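The next block holds one structure in the form of structure tokens; read it before the comments.
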Amino acid sequence: MTQTPPLASQRALFEIPEGIAYLDAAAYSPLPRSVRAAGEVGVASKSHPWAVPRSEAANWGMRARAAAARLIGAVPGDIAITGSVSHGIATAALNLELPAGSRVLRVQDEFPSLCLPWDRLARQRGLVVEAVPRPADGDWTAALLEAIDRPGAAPLGVATLTPLHWCDGAPIDLDRVIPAVRRQGGAVMVDATQAVGVLPVDVGRWRPDFLAFPTYKWVLGPYSLAFLYAAPERQSGQPLEENGFNMPQGRPAPGAARYDRGERDDPVALPMAATGLELVASWGAAAVEARLRALTDRLAERLEAKGLACPPRHRRAPHILGLRLPGGLPPHAIAALAERGAFASDRLGVLRISAHVWVEEADIDRFAGLLGEVLGR
């Protein structure tokens, strides 16, 4: 078996000043220099549109679509270019036939874009929304499996799933959950926002009906751009909007491109997205995961030494550490950390700390020290 070579810190590829411990990748990543440069070339092209063929942006779109497909084990024809993950999720909701009385299953405190379209659909079609309560032991997988197969429950229409909970990184084993959903006849929508580029996402293995992810977090791209995977049997549906890209010559585009957004060929966003996706792919998800796991483990050790309880290793994702403090996160904590050059997020009262490849071991140690200072530890 070939062993993945260790991935070193990639901080030199970013414009991050010394003394900044930016551990907030799950919210918003900084751009690598190469991605910023690609965007600047795109902006310049809009300043002089007569000097750049319009086909260039379309070519970047093909590169971005292909790169997105490679990261999730798909082919380019299975990928739609959308403006956001919520756009992709709404497309899925529009194209799934869910009988009245069937269940929409999700976990408690799910991200709004994975809730709101299904809540609206439930009101319109008489569906039953079930949010699985947060398990006391942190085992979302077991809690979901129990809910899926619960005797007497309404028929399962769709499970809206993620590989980990967005607020704290608690993992959900979709290799076990999705087959259980299928045995009950349910459809599957996966929001892979916090997974693609770090975790082994493989639509060939999971076989979801739809899967969506954006570019502005783990794949180091621009805001307002995302991708939607549509399974081959889901590629004859209705887009959210009709435009010249998804309806060329008035006929639906082939494959998942029938769901493409309007104004798709953005000369700024598409080159940035393709450059970021290709950079992440060059490292390989296994190498990225291993590096981030080591950093997260180091952080947990440092915090536990200060008396802060961290989730056990098997209950946390390799790239996100969710810290739940007795009495809750102090309201001043995030701002106090930022004043000291350390950055993380408050998500539902959880201190969500998320490293990416720009983070170095010294950043981890510095962050732990500063957090201890802010919390009086």
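Not measured: the values here are computed from a predicted model.
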side-chain contact (heavy atoms from CB on, under 4.5 Å) evaluation trace for R298 with D365: CA-CA 8 Å; R298 183 185 184 103; D365 297 345; 2.8 Å; yes

Minimum heavy-atom distance A368-L299, with the two atoms named: CB-CD1, 4.3 Å

Checking D209 against R182 for the salt bridge (charged side-chain N to carboxylate O under 4.0 Å, His left out) test, could you report, in this order, the C-alpha distance in whole Å, the side-chain angles of both residues, the deciding distance, and whether it holds? CA-CA 11 Å; D209 293 271; R182 295 303 193 194; 2.9 Å; yes

Give a yes or no on this: more than 12 heavy atoms of other residues, nucleotides or ligands lie within 6.0 Å of atom CD of E146. no

Hey, which of L144, V177, V158, V181 is the one that makes side-chain contact (heavy atoms from CB on, under 4.5 Å) with L105? L144

Presence of salt bridge, K46 and D266, under 4.0 angstrom: no

Side chains of L13 and V357, heavy atoms from C-beta outward: is any pair under 4.5 Å? no

In Å and rounded to the nearest 0.5 Å, what is the CG to CH2 distance from L23 to W358? 8.5 Å

Please determine whether side-chain contact (heavy atoms from CB on, under 4.5 Å) holds for the pair F367 and I353, giving the CA-CA distance in whole Å, both sets of side-chain angles, and the decisive distance to 0.1 Å. CA-CA 10 Å; F367 185 96; I353 313 167; 3.7 Å; yes

I'd like to check I81 versus F227 (side-chain heavy atoms, cut-off strictly below 4.5 Å). Are they in contact? yes

Taking all non-hydrogen atoms of both residues into account, name the closest pair between Y229 and V203 and its distance. CE1-CG2, 3.7 Å

I'd like to know if the side chain of S345 pairs up with that of D24 as donor and acceptor (distance under 3.5 Å, no hydrogens or angles considered). yes

Angle class for the H165/W140 ring planes (parallel below 30°, perpendicular above 60°, tilted otherwise)? parallel

Atom CD of Q124: over 12 foreign heavy atoms under 6.0 Å: yes

If you count every heavy atom of other residues, nucleotides or ligands that lies below 6.0 Å from R36 atom CZ, does the total exceed 12? no

With side chains defined as the heavy atoms from C-beta onward, is the minimum distance between F213 and W218 less than 4.5 Å? no

Quick one: CE on M62 to CZ on R65, what's the gap to the nearest 0.5 Å? 9.5 Å

Rounded distance [0.5 Å steps], CG in L295 versus NE2 in H319: 12.5 Å

Would you check if M247 and P252 make a side-chain contact, meaning some heavy-atom pair closer than 4.5 Å? yes

With a 4.5 Å heavy-atom cut-off, do V359 and L292 have their side chains touching? no

Any link between W166 and V201 through a network of hydrophobic side chains (Ile, Leu, Val, Met, Phe, Trp, Tyr) touching at under 4.5 Å? no

Between V43 and E40, is any pair of side-chain heavy atoms under 4.5 Å apart? no

Any side-chain to backbone donor/acceptor pair from T215 onto G221? Under 3.5 Å, distance only. no

What side-chain donor-acceptor pairs closer than 3.5 Å can you find for residues 106-115, not counting sequence neighbours?
from: R106; atom 1: NH1; to: D119; atom 2: OD1; distance (Å): 3.0
from: R106; atom 1: NH2; to: D119; atom 2: OD1; distance (Å): 3.1
from: Q108; atom 1: OE1; to: R134; atom 2: N; distance (Å): 2.8

Which pairs, with at least one residue in residues 330-354 and sequence neighbours excluded, count as a salt bridge (charged side-chain N to carboxylate O under 4.0 Å, His left out)? R340-E373

How far apart are the C-alpha atoms of D78 and I72, what are their side-chain angles, what is the distance that settles it, and do they pass the side-chain contact (heavy atoms from CB on, under 4.5 Å) test? CA-CA 11 Å; D78 295 336; I72 63 171; over 6 Å; no

When you look at I16 and R11, which way does the side-chain contact (heavy atoms from CB on, under 4.5 Å) test go after all the steps? CA-CA 7 Å; I16 302 176; R11 194 182 188 92; 3.2 Å; yes

Pairwise side-chain contact, C310 with L323, heavy-atom cut-off 4.5 Å (strictly under): yes

State whether the side chain of N246 and the backbone N or O of N243 hold a donor-acceptor pair below 3.5 Å, judged by distance alone. yes

Straight-line distance of I89 CD1 to L211 CG, nearest 0.5 Å: 9.5 Å

Geometric class of the H356/W283 ring pair [parallel <30°, tilted 30-60°, perpendicular >60°]: perpendicular

Decide yes or no on salt bridge (charged side-chain N to carboxylate O under 4.0 Å, His left out) for E360 and R291, but give the supporting numbers first. CA-CA 10 Å; E360 299 182 333; R291 174 156 184 83; over 6 Å; no

Please report the interatomic distance CZ(R258) to CD(E242), rounded to the nearest 0.5 Å. 10.0 Å

Any E130 side-chain heavy atom under 4.5 Å of R150 side chain: yes

To the nearest 0.5 Å, how far apart are CG in L164 and CD1 in I320? 5.0 Å

F343 vs Y22 aromatic rings, parallel, tilted or perpendicular, using cut-offs 30° and 60°? tilted

If you measure from the Lys or Arg side-chain nitrogens to the Asp or Glu carboxylate oxygens, is any gap between R324 and D168 under 4.0 Å? yes

Atom CZ of R207: over 12 foreign heavy atoms under 6.0 Å: no

